[in-house]
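Basis for what follows: all heavy atoms, side chains included, without hydrogens, waters or symmetry-related copies.
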Amino acid sequence: MGHPGNPEALGVGSTPVLKTFYHGTRSTDEILRDGFSMDVERRCDPGDLGWGLYLSGLPSRAQAYGRVLEVQVDLSRFARIKNPYFLDG
């Protein structure tokens, strides 16, 4: 296995692996109509890793931000940061 930052080491591009995550929002109608857009004005704080789309494996955590949407994610297309404060381990 290569360096932790190596996409091959992270499984990026391998066989699709679908998992359900949850997104809490007050903009449900807009998201269902137009999809997620990174160009839309941010409505919450920037989060631990900056502005972006945040998903949780826990519906209860997503519910703290509004109505909960289920989102199917192909894990083979994304890297997962287990601990965002320590990228080397």
Side-chain angles (χ1 to χ4, degrees):
M1 203 165 172
H3 184 275
N6 177 349
E8 291 174 3
L10 298 169
V12 176
S14 61
T15 304
V17 177
L18 296 179
K19 180 171 175 158
T20 300
F21 286 93
Y22 306 93
H23 177 75
T25 182
R26 295 180 305 252
S27 304
T28 306
D29 293 335
E30 181 181 338
I31 291 171
L32 291 174
R33 182 184 66 240
D34 303 328
F36 289 109
S37 173
M38 299 313 290
D39 296 327
V40 173
E41 177 184 339
R42 308 302 179 242
R43 293 185 172 85
C44 291
D45 65 72
D48 290 335
L49 299 173
W51 294 113
L53 173 63
Y54 284 80
L55 302 173
S56 174
L58 302 172
S60 58
R61 179 172 282 171
Q63 191 172 28
Y65 294 92
R67 185 171 169 200
V68 177
L69 298 175
E70 288 188 7
V71 180
Q72 291 290 313
V73 175
D74 179 356
L75 298 180
S76 70
R77 298 184 48 98
F78 295 93
R80 178 172 182 249
I81 301 172
K82 292 180 183 179
N83 186 332
Y85 303 105
F86 300 98
L87 295 176
D88 62 351

**Asked** Applying the 4.5 Å side-chain criterion to the ILVMFWY set and letting contacts propagate, would L32 and L55 be lumped into a single cluster?
**Response** yes
**Prompt:** Which heavy atom of V73 sits nearest a heavy atom of F21, and at what distance?
**Reply:** CG2-CD1, 3.7 Å
**Item:** Atom of H23, atom of F36 and distance for their closest heavy-atom approach
**Value:** CD2-CE2, 3.5 Å
**Request:** Using modelled atom types only, decide if a donor and an acceptor are shared between the side chain of D74 and the backbone of L18 within a distance under 3.5 Å.
**Result:** no
**Fill in**
For Y22 and E70, the nearest pair of non-hydrogen atoms, with its separation, is CE2-CG, 3.5 Å
**Residues T28, T25; criterion side-chain contact (heavy atoms from CB on, under 4.5 Å); working and verdict** = CA-CA 6 Å; T28 306; T25 182; 3.7 Å; yes
**Prompt:** In Å, rounded to the nearest 0.5 Å, how long is the span from CZ of R26 to CZ of R67?
**Reply:** 14.5 Å
**Prompt:** Are Y54 and V68 connected in the hydrophobic side-chain network, where two residues link if heavy atoms are under 4.5 Å apart?
**Reply:** no
**Prompt:** What's the shortest heavy-atom distance between S76 and T15, and which atoms?
**Reply:** CB-O, 3.3 Å
**Message:** Rounded to the nearest 0.5 Å, what separates atom CD in Q63 from atom OG in S56?
**Reply:** 11.5 Å
